[in-house]
Amino acid sequence: MVDTVILWLRRDLRLADNPALSRALSGAGRLVPLYIHCPAEEGRWRAGAASRWWLHHSLAALDRAFRERGSRLLIARGEDSLTELRRIATACGATRICWARRYEPATRATDARTELALRADGLRCDSVEGNLLFEPWDLATEANGPYRVFSAYWRRAVTRLTLPVIEPAPTALPPAPSDLGALSVDELGLLPRVRWDTGLAHAWTPGEDGAQARASAFIDGPLATYAAKRDRPGVLGTSRLSPHLHFGEIGPRQLVRMIADRGLVLDEGPAEPYVRELGWREFAYHLIHHFPHTTDEPLDERFAAFPWREDETLLAAWQRGRTGIPLIDAGLRELWKTGWMHNRVRMAAASLLTKNLRQPWQAGARWFWDTLVDADLASNTLGWQWTAGCGADAAPYFRIFNPVRQGERFDPTGDYVRRWCPELARLPARFIHQPWAAPAGVLTDAGIRLGSDYPQPIVDLAASRREALAAWETIKNQA
DNA sequence: TGCTATTTTAA
DNA sequence: TAAAATAGC
């Protein structure tokens, strides 16, 4: 009598170094790789359109990888995962189910509820560590509490960093049953009906092979100059691995191993600033585990009283990249076109929305959620709360980015702005980040009429900065 | 992972 | 005169 094991894949869409796959294969006779599409279970944070596009292609790639090894990926859809797992376990006679843990509030609740019910059914459940270097509860402060400050968290984490042993992808897998009423990836309807996704297809290769290729290219290339170039949105200086990491097409353990195998140390030298960015991802999961309400509510409770001013017109101008502030518009257009935005520009764009325009950070988080291919609830929550000033940030002052200054510092040639705001292409570098300050003759020569070819700025940066600081003053001394 | 006003330094 | 350093939020 051989065991039949269901491998419940969720956000670990790879074959190499996949702990749930390894666990499922140990002692299994038959393996049933399964993806279940249950958007209703993700509650308010079900995948947005860009994320669904990525998921479609990642599932298709994973199915191909399974088929190359003699297996296949089964796909189901339903109102809840438990019903589908029960149906398929019964149909194929499975006695055991393996999966990698998830950590968001809704997915955690689903997994806990599902595990309880499956165990009551008499099925064995093996949940293994998710796609992180540290489980979110692994690290604690001296007082045995959660960290709220990244530097303290990471200082501690680095002392615990070890070099993982990576399990290669299996070269052959046992055949999977083909008679369980499984759907094709296409039938999930994840792709957009209106074909707005050509820019995404041009920018990305979802799936494990694409993740591996990008990781190698990054580690053998831009990693060496990461410290100097990562903040330049006009330069290909970052890893652009975030969507691959989100869907678990590659894991941070694999990246750490690849870096070490190139002879680099993790906590100093050229690799250190990149490994630190992986640390921010870990910290985001630490925070969402310990403070699950922060997906929707500020970590800093004083911000319940912050005077946001909700304005659909301002929000819409920001979303569409029509604020009249070039760096911000470039970023939001890059996002719309490619499903991704350079992190430096994310910070500047989020600062403009939450501080200068004083729109609630949740509105920006929601827009990013719908448009980013790397939309990740832990990282998105941390990023927006950090920029809004209501999250885990050790700075004692109210940080407000000046998008002109950010542009001049990090896009000094203006090439990034020119790429995404072509109507400004002929403006000289001196004025590219503040066209409103250019003399009339310069604008004429560049073929720009402000207010028609390109918007006048929708906000006075200096005045709105003062107002935001005043708003901060009204809440900062609360108990 | 900031900004700005002010002071200091260098040419 | 302006770049660089510093203070303070």
Side-chain angles (χ1 to χ4, degrees), chain A residues 147-155 157-158 222-223 225-235 237-240 242 267 270-284 286-287 299-300 302-303 306 325 327-328 331 340-358 361 364 368 374 378-412 416 430 433-434 437 457 459-478:
Chain A
Y147 287 96
R148 285 167 172 263
V149 175
F150 173 76
S151 56
Y153 170 84
W154 191 236
R155 208 169 18 249
V158 162
L223 180 63
T225 52
Y226 188 73
K229 294 186 181 162
R230 64 177 183 141
D231 276 320
R232 304 230 154 186
V235 171
T238 66
S239 72
R240 287 170 298 143
S242 50
D267 58 349
E272 190 276 335
Y274 179 67
V275 176
R276 173 177 291 267
E277 292 304 310
L278 292 177
W280 275 99
R281 180 174 176 274
E282 299 288 320
F283 186 47
H286 180 79
L287 290 174
L299 178 66
D300 183 337
R302 292 172 299 178
F303 274 78
F306 190 83
I325 298 159
L327 183 73
I328 307 306
W340 185 84
M341 195 196 301
H342 190 282
N343 185 247
R344 171 57 52 182
V345 190
R346 291 189 199 198
M347 292 190 286
S351 176
L352 186 91
L353 184 73
T354 57
K355 309 250 160 108
N356 300 97
L357 302 179
R358 232 190 307 148
W361 62 271
F368 273 24
D374 65 28
S379 293
N380 201 45
T381 300
L382 178 150
W384 277 97
Q385 293 227 24
W386 182 89
T387 323
C390 59
D393 182 4
Y397 50 84
F398 198 59
R399 191 195 316 263
I400 302 174
F401 285 66
N402 179 332
V404 175
R405 190 166 150 66
Q406 289 281 311
E408 288 168 350
R409 275 172 69 190
F410 299 112
D411 182 34
Y416 176 74
R430 167 131 192 257
H433 293 294
Q434 41 178 346
V459 67
D460 179 323
L461 292 173
S464 60
R465 177 179 205 277
R466 288 191 295 270
E467 289 161 21
L469 283 167
W472 162 243
E473 289 297 323
T474 66
I475 64 159
K476 80 167 188 180
N477 290 323
Q478 289 175 43

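Throughout, a chain's letter reflects where its sequence line sits, starting with A, and its residues are numbered from 1. Keep in mind that this is a model prediction, so the values were computed, not measured.
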> To the nearest Å, give me how far apart CG (N356(A)) and P (dG2(B)) are.
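For the pair N356(A) CG and dG2(B) P, the rounded distance is 16 Å.
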
> Is the NZ or CZ atom of R344(A) both under 6.0 Å from the centre of the six-membered ring of F410(A) and within 45° of that ring's axis?
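Pair R344(A)/F410(A) counts as cation-pi.
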
> What's the CG-P distance between L352(A) and dC3(B), to the nearest Å?
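In whole Å, dC3(B) P and L352(A) CG are 13 Å from each other.
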
> Can you name the salt bridge (charged side-chain N to carboxylate O under 4.0 Å, His left out) partners of E467(A), sequence neighbours left out?
R358(A)

> So what does R409(A) hit on the nucleic acid, given a heavy-atom distance under 4.0 Å: a base, only sugar-phosphate, or nothing?
sugar-phosphate

> Do the side chains of F398(A) and K355(A) get nearer than 4.5 Å, heavy atoms only?
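Yes, their side chains come closer than 4.5 Å.
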
> Under a 4.0 Å heavy-atom cut-off, which of residues 392-400 of chain A touch DNA chain B?
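Contacting residues: Y397(A), R399(A), I400(A).
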
> For the rings on F283(A) and W154(A), is their centre-to-centre separation under 6.0 Å?
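No, the ring of F283(A) stays outside the 6.0 Å limit from the ring of W154(A), centre to centre.
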
> Got L352(A) and L357(A) here, is their nearest side-chain heavy-atom distance under 4.5 Å?
yes

> In whole angstrom, what separates W472(A)'s CH2 from dG8(C)'s P?
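Those two atoms, CH2 and P, are 19 Å apart.
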
> Answer yes or no: does atom CZ of R430(A) have more than 12 heavy-atom neighbours from other residues, nucleotides or ligands under 6.0 Å?
no

> Side-chain contact, heavy-atom cut-off 4.5 Å: R148(A) with Y153(A)?
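No. Closest side-chain heavy atoms not under 4.5 Å.
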
> Measure from the side-chain N and O atoms of R346(A) to the backbone N and O of M341(A), and report whether any donor-acceptor pair falls under 3.5 Å.
yes

> Give each protein N/O atom lying under 3.5 Å from an N/O atom of nucleotides 4-6 of chain B, with the pair distance.
| residue | atom | partner | partner atom | Å |
| --- | --- | --- | --- | --- |
| dT4(B) | OP1 | N402(A) | ND2 | 3.3 |
| dT4(B) | OP2 | N402(A) | ND2 | 3.3 |

> Whole angstrom is fine here: how far is it from NZ in K355(A) over to C1' in dC3(B)?
12 Å

